[in-house]
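All remarks here apply to the structure that follows.
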Amino acid sequence: MCPPRRQGDSATAMTMTDATPTTRSFEADVAKLLHLMVHSVYSDKDVFLRELISNAADACEKLRYEGIGNPALLGDDGQPRILLTLDAEARRLSVEDNGIGMSEAELVDALGTIARSGTKAFMDRIAGAKDAGDSQLIGQFGVGFYSAFMVADRVDVVSRRAGTDTAATWSSDGLGTYTVEPTDIADAPVRGTRVLLHLKEEAANHTDAFTIERAIKAQSGHVPVPIFLKDKPDAEPKPVTDGAALWTRPKAEITTEEYADFYRSVAGQYDAPALTLHYRAEGRHEYVVLAFVPETKPFDLFDPDRNGRMKLYVRRVFITDDAQILPRYLRFVRGLVDSADLPLNVSREMIQESPVLAAIQKGVTNRLLGELDKLSTSDSDRYLALWDRFGAVIKEGLYEDYERRETLLGLARFRSTAADGGWRSLKDYAAALKENQTAIYYATGQDLDRLASSPQLEGFRAKGVEVLLLPDQVDSFWVTAGLDYEGKPFKSVTQGLADLGLIPSAEGAPAATAPTAAVEGFIAFVKETLGEAVSDVRASERLTDSAVCLVAPEGGMDRQLEKLMAGAGRVETRAKPILEINPRHPLVARLGDAEQADATVREDAAHLLLDEARIADGELPLDPRAFSARLARVLERGLA
């Protein structure tokens, strides 16, 4: 994706020193991304302006923060600003800020590499876009500084870091290499960065003052830094926005469109917010919250770092964008918190450990979960759409957030074996409990359709007992955290005994019958034949149609969780499963008849039944070669 939001800024004119520019190649990911930008066929190219202005605003806010501890950095120019200059005759556009600026090394690091995770996901998605219908992909992912190459055939960046007496110029045509060289400070901003775009012929309309002013107001109207515009190089700057922070205004004065524009700016996305939360907390601590739940999944939703994307301000001074205001399971939420109580003169690390911030974190998290709960009641369709996008992440909180488990269980929605096939809450499940049912039953796996057809569900269906179908990886973990709902524990249908004997059968279901002596004998034979391959072989209560299935021992690990742990190298040796045999199945009854099945057939059948159960569980036969030989022998006998 884009490098840290800081890097892009702008330029109007620049004079190189006599020093020879150093030519460098972009890293592979940057080169690929630039190729996509240069050859972009997307219709909405105005996104580049929003990205460059956002970068410039971040630079100003970072300077304001550093200036708290070192006022000398601000010099005689303490008012942050962003200036856009148009030059229609030369077909150039510049974006300049008086923010923190960058040294030569920082230019190379920021504009020659992509450090932020998720780059490959972005490039894979954008490379797969085939028509203008996918034009929002660029904005949706927020491509930062590199979006300038959608409209420019060359970009020059001149920057001078605040508090230094040196400047540097970075330049590239976006075709694989860039140059960087020292620059005379007379040709650089007093501090900050200037990005000069040499526009392509088809992008000449971006030197039109009306077009640019309209784009600024539409996309960056609520950036908390004043923006000025010069319609030609020697013109007087004209104010376009006043830099008033949107979150400081009363909610009644803010339109839905303004919230959406601000969301796109702060989130780096191009969709609309599905839920907006804006409030002022007063009392022991005072702070303002403006948070958004996206309408679409952020591309880095499953970023291994799982960091949040909430910005922290103190009295409108930007502090950090990684303060972890919200727990990691709410990392899809975008927005900011502006505190009136946190100190400005401490490090970001100390702020993170502040008891004031801890109180803010608790308040914001509880309020957001409360809003989600209200939405689930007031507009269930909107809530279910939101849960469909982010439920897999929210469920991480069931495992991690002990304090809020009850709240999160109330918010959770599940697919199940219920007849309608829709989303079900635990309240819905509890209302459908059967007589003598003592647990909430679930099945975990990786595919919803495969889960729904699992043989382990057959007995539960016959009894009319609802089973939750849990296809997300996190499901295998939170169900082991000792949770219960209204006193009913969660229990896997693939673990231990089915406990179905006390539950009355559904109306019209055939009554269960005890296995015959012949079948009991066959089950004992299978157990002896399989030996150490299984921990036990027993008659099944849970099977009605299938002949066999595998389950985990009562005190053992759920089979899906064990697979995940083994795949991650956390389990060296997997536990031996229990093979359950359906004593009412015609094949089992036939095999139990010693006169109808000789010892060789029964031995092959014992191994094939185990392999059949493994295949139904999504695993390979224990010995694929032996499985093929046994299957061939059985088919030969059947055709004889």
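Values below: all heavy atoms of this structure, side chains included; hydrogens, waters and symmetry mates excluded.
- Within the 4.5 Å cutoff, side-chain heavy atoms of L426 are placed close to those of L468.
- Look at E619 and R559 and you find a salt bridge, because one of the NZ, NE, NH1 or NH2 atoms lies within 4.0 Å of a carboxylate O, short of that distance.
- Rounding to the nearest 0.5 Å places OG1 of T438 at 8.0 Å from CG of L502.
- In this structure, CZ in R633 is found 8.5 Å from OG1 in T600, a value given to the nearest 0.5 Å.
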From CA spacing to verdict: side-chain contact (heavy atoms from CB on, under 4.5 Å), F627, L608: CA-CA 7 Å; F627 169 77; L608 287 173; 3.6 Å; yes
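- Between F390 and P294 the shortest heavy-atom distance is CE1-O, 3.5 Å.
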side-chain contact (heavy atoms from CB on, under 4.5 Å) evaluation trace for R415 with L448: CA-CA 8 Å; R415 300 293 187 184; L448 195 61; 3.8 Å; yes
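- For R614 and D617, the salt-bridge test fails: no basic side-chain N is under 4.0 Å from an acidic carboxylate O.
- The number of heavy-atom neighbours closer than 6.0 Å to CZ of F525, taken from other residues, nucleotides and ligands shown, is above 12.
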Step-by-step salt bridge (Lys or Arg N to Asp or Glu O under 4.0 Å) determination, E371 to K374: CA-CA 5 Å; E371 291 297 315; K374 289 179 184 177; 3.6 Å; yes
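- Taking 4.5 Å as the limit, every side-chain heavy atom of V551 sits out of range of all side-chain heavy atoms of P577.
- Smallest separation of non-hydrogen atoms from P298 and R334: CB-NH2, 3.2 Å.
- A heavy-atom distance below 4.5 Å is found between the side chains of D499 and Y441.
- Considering only heavy atoms from C-beta on, L564 comes within 4.5 Å of Q446 through its side chain.
- A side-chain donor-acceptor contact under 3.5 Å links T417 to the backbone of V467.
- Of all heavy-atom pairs spanning F477 and M565, the tightest one is CE2-SD, 3.8 Å.
- A donor-acceptor contact closer than 3.5 angstrom is absent between the side chains of T407 and D373.
- Nearest heavy-atom pair across A272 and Y263 is C-CE2, 3.8 Å.
- Counting non-hydrogen atoms of neighbouring residues, nucleotides and ligands closer than 6.0 angstrom, the NZ atom of K576 reaches no more than 12 such neighbours.
- Ion pairing between R264 and D271 fails under the 4.0 Å rule for side-chain N and carboxylate O.
- Put simply, the side chain of Q437 reaches to within 4.5 Å of the side chain of V465, judged on heavy atoms.
- Nearest approach of P621 to I615, heavy atoms of both residues: CG-CD1, 4.1 Å.
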CA sep, side-chain torsions, deciding dist, call: K362, E403, side-chain contact (heavy atoms from CB on, under 4.5 Å): CA-CA 10 Å; K362 182 175 181 178; E403 180 183 349; 3.4 Å; yes
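- Between the side chain of D604 and the backbone N or O of V601 there is no donor-acceptor pair closer than 3.5 Å.
- Between L368 and L330, some side-chain heavy-atom pair lies under the 4.5 Å cut-off.
- Here the CG atom belonging to L451 is positioned 12.0 Å from the OG atom belonging to S416, to the nearest 0.5 angstrom.
- The CZ atom of R309 sits 9.0 Å away from the CD atom of Q324 when rounded to the nearest 0.5 Å.
- S540 and E580 form a side-chain donor-acceptor contact under 3.5 Å, judged by distance and modelled atom types alone.
- In this structure, F522 has no ring pair (Phe, Tyr, Trp, His ring centres under 6.0 Å) partners at least two apart in sequence or on a different chain.
- Heavy-atom contacts from other residues, nucleotides or ligands closer than 6.0 Å to CD of E406 number 12 or fewer.
- Listed by first then second residue, pairs satisfying side chain to side chain donor-acceptor pair (under 3.5 Å) with a partner in residues 375-394 number zero, not counting sequence neighbours.
- Scanning all heavy atoms of the two residues, the minimum distance from A462 to T544 falls at CB-CG2, 3.9 Å.
- With respect to R405 and E400, no salt bridge is recorded, no charged nitrogen being found less than 4.0 Å from a carboxylate O.
- N582 and R542 are not linked by any side-chain donor-acceptor pair at a separation below 3.5 angstrom, with hydrogens and angles left out of the test.
- A side-chain N or O of E458 and one of S546 form a donor-acceptor pair less than 3.5 Å apart.
- To the nearest 0.5 angstrom, R602 atom CZ is 11.5 Å from L609 atom CG.
- Taken to the nearest 0.5 Å, the NZ atom of K434 stands 9.5 Å off from the CD atom of E466.
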Worked check of side-chain contact (heavy atoms from CB on, under 4.5 Å) between D558 and T494: CA-CA 7 Å; D558 175 76; T494 66; 2.9 Å; yes
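- Side-chain atoms of E603 and R630, non-hydrogen and from C-beta on, never get closer than 4.5 Å to each other.
- The side chain to side chain donor-acceptor pair (under 3.5 Å) contacts involving residues 472-490 comprise K395-D472, K395-D475, D475-W478, where partners must be two or more places apart or lie in separate chains.
- Within the 4.5 Å cutoff, the side chain of L497 has heavy atoms near those of the R538 side chain.
- Looking only at distances, a side-chain donor or acceptor of T516 sits under 3.5 Å from a matching main-chain atom of V519.
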